[in-house]
Novice: 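Dropping a structure here in structure tokens format, bear with me for questions.
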Protein chains: 2
Amino acid sequence: MRIGEIAALAGVTPRAVRHYHHLGLLPEPERRPNGYRAYGVRHAVELARIRRLTELGLALAEIRDVLADDEGRELTEVLVELDRDLARQEAEIHSRRERLAGLLEQVRDGGLPPEGPVSPGLAELLRAIAPSDSPTARKDRGHLALVDSLVDDEQRDAFLDALRPLADDPELAARTAELYAALDELADARVDDPRIAPLAAEFSAAVPDTLLRLMGSGPPADGHPFGQALLGDFAPAQAEVVRRLMADLVRRSREL
Amino acid sequence: MRIGEIAALAGVTPRAVRHYHHLGLLPEPERRPNGYRAYGVRHAVELARIRRLTELGLALAEIRDVLADDEGRELTEVLVELDRDLARQEAEIHSRRERLAGLLEQVRDGGLPPEGPVSPGLAELLRAIAPSDSPTARKDRGHLALVDSLVDDEQRDAFLDALRPLADDPELAARTAELYAALDELADARVDDPRIAPLAAEFSAAVPDTLLRLMGSGPPADGHPFGQALLGDFAPAQAEVVRRLMADLVRRSREL
DNA sequence: CCTTGACCTTGTCGTAGCGTCAAGGTTTCT
DNA sequence: AGAAACCTTGACGCTACGACAAGGTCAAGG
């Protein structure tokens, strides 16, 4: 048989057969005078066996080991390990699908937030803040999504619990929107603008103790690279508010 | 922030961040005078978003499209398609695991046949033939495994049903073993050996009509590449038996 | 006899998502 | 001043082949 024939017989492509030769999975057969590979039934039997193993999901290198190791115990061991691996993959895919289902539910509940896929609790929270079209609010929604995607489930729940009043209390949400708007207005202000100090104080007052307690290694300080970057993300006067806010949060968290 | 810092913050490696730059997923930030990339919080927010999407299982190219297409509907569509894809993968893995479970059961039932993973029915059949350590029997077990791995489930069941008597009737299995042994003895015989004709007839008689009916395009003839290869797999006198057997099977199948 | 079409040959590049060197420059700490 | 821990670009490696390219072979038909 020529390569196309044996490949069709075994249900693979000629390219795959050559690949198996290359990897040493299948011995190279004799050649005809014209250079064509001349396969016998033995090769077909071996090829079919290789295909059965690949269909189970074994990697070609593993198949090579199994075939070489003149088996018995080896194959069983590989199969057990393969099953563990497949079980893990299946579980992983399943959990991804569950998260996907949750996201698609969010879509029906009012559309995905533009921040992309986030936990259901945060989606709710973002919707509460979303009406505010302020640049600062948009920025802060990004920050919330960042935190959301960073922490583990337990921390996330605590985090969302701490912020739940924002989602549940329309009045509080409105207050927050006002704070964002006030910060917006500082976009072009100078760093000695008198509105800075009181706004920082109000922002700090809006951060509950529960949230402070969550920040394990303390709130971002402006010595930290992240704190620096955060300041760099704002206009000067706004950055001054943020700096004072951060300093106050650090102070408060030390007093806890 | 430097690349290592933002990477650690988002839970990825610096290499991955550079990779996202390369693909255009994440914009390249400004550089510090020394050439280091200088990241802001905006980048961290975007990076976290990318990571959330990759964790859902989206391909990076899809993520790029979603991010570029300034979204809304696009993302939802991609997620739906992704879910279909994941469902398919999950089903595939699941079916593989079921086959694996069947194989591991075979292992407990008496070990895997050296022919590798085969359908449960064939494993039983192979065990019935296995006691015969004859080279011909070994070869034929390979042929059986080849057929087993080739046909679809329906054909396979019919095939195994046709051969079930071999597995169930010890006397018949013993008869078959004798036939194999007789063929073994022709390994060094000449092509005019008088044992050839009767042996071919006996082999033909051992093939039930039910099996013949299964061979859609007729039993292998020696004009066919596979038939040729099959003959080449045997010693001359043995090949002569096989040739006569094939011819007789063709004749019988035409008479059906 | 020549062509056409369906085969075959070797060799190389591409895929996805980075990991892992290599070879060098920067910053920081001791 | 030297070591440790960063950073830079560039290039190869991994899986299991698919998809070329550029050519040789063979059987059938005009």
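Every chain is numbered from 1 and lettered A, B, ... according to where its sequence line falls, protein lines coming before strand lines.
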Novice: Does D233(A) have any side-chain hydrogen bond (donor to acceptor under 3.5 Å, both in side chains) partners at least two apart in sequence or in another chain, and if so, which?
Specialist: none
Novice: Can you name the closest pair of heavy atoms from L103(B) and P117(B) and give their distance?
Specialist: CD1-CB, 3.4 Å
Novice: Find the distance H19(B):NE2 to dG13(D):P and express it as a whole number of Å.
Specialist: 17 Å
Novice: Does a side-chain N or O of N34(A) approach OP1 or OP2 of dC26(D) to a distance below 4.0 Å, or not?
Specialist: yes
Novice: Taking CD in E154(B) as the centre, count heavy atoms belonging to other residues, nucleotides or ligands within less than 6.0 Å. Is the count above 12?
Specialist: no
Novice: For residues H21(A) and Y39(A), establish whether the separation of their ring centroids is below 6.0 Å.
Specialist: yes
Novice: Among the candidates dA19(D), dT8(D), dC26(D), find the nucleotide nearest to the side-chain atoms of R37(B).
Specialist: dT8(D)
Novice: With respect to the phosphate group of dG24(D), does any side-chain polar atom (N or O) of Y36(A) fall under 4.0 Å of OP1 or OP2?
Specialist: no
Novice: Do L67(A) and R49(A) come within less than 4.5 Å of each other through their side chains, counting heavy atoms only?
Specialist: yes
Novice: Under a 3.5 Å cut-off for both distances, is dG30(D) Watson-Crick or wobble paired, and to whom?
Specialist: dC1(C)
Novice: Classify L23(A) by what it touches in the nucleic acid, base, sugar-phosphate, or nothing, heavy-atom distance under 4.0 Å.
Specialist: nothing
Novice: Can I get a per-line list of side-chain donor-acceptor pairs under 3.5 Å for residues 29-36 of chain B, giving both atom names and the distance, sequence neighbours left out?
Specialist:
unit_1: R31(B); atom_1: NH1; unit_2: G35(B); atom_2: O; d: 2.8
unit_1: R31(B); atom_1: NH2; unit_2: E28(B); atom_2: OE1; d: 3.4
unit_1: N34(B); atom_1: OD1; unit_2: Y36(B); atom_2: N; d: 2.9

Novice: First and last nucleotide of DNA chain C in contact with chain B, 5' to 3', at under 4.0 Å to a heavy atom: what are they?
Specialist: dG17(C) to dT27(C)
Novice: Just checking R31(A): base, sugar-phosphate only, or nothing, at a heavy-atom cut-off of under 4.0 Å?
Specialist: sugar-phosphate
Novice: Given E55(A) and R52(A), is the salt bridge (Lys or Arg N to Asp or Glu O under 4.0 Å) satisfied, shown in steps?
Specialist: CA-CA 5 Å; E55(A) 282 178 349; R52(A) 287 193 300 267; over 6 Å; no
Novice: For P14(A) and L60(B), take the nucleotide of DNA chain C holding the closest heavy atom to each; which residue's nucleotide lies nearer the 5' end?
Specialist: P14(A)
Novice: Between R18(B) and L58(A), who's closer to the 5' end of DNA chain D by nearest nucleotide?
Specialist: R18(B)
Novice: Would you kindly give the CZ-to-P distance between R15(A) and dT15(D), to the nearest whole Å?
Specialist: 14 Å
Novice: Between C1' on dA16(D) and CD1 on I63(A), what's the gap in Å once rounded to a whole number?
Specialist: 11 Å
Novice: Using a cut-off of less than 4.0 Å, is there contact between a side-chain N or O of T13(A) and OP1 or OP2 of dG18(D)?
Specialist: yes
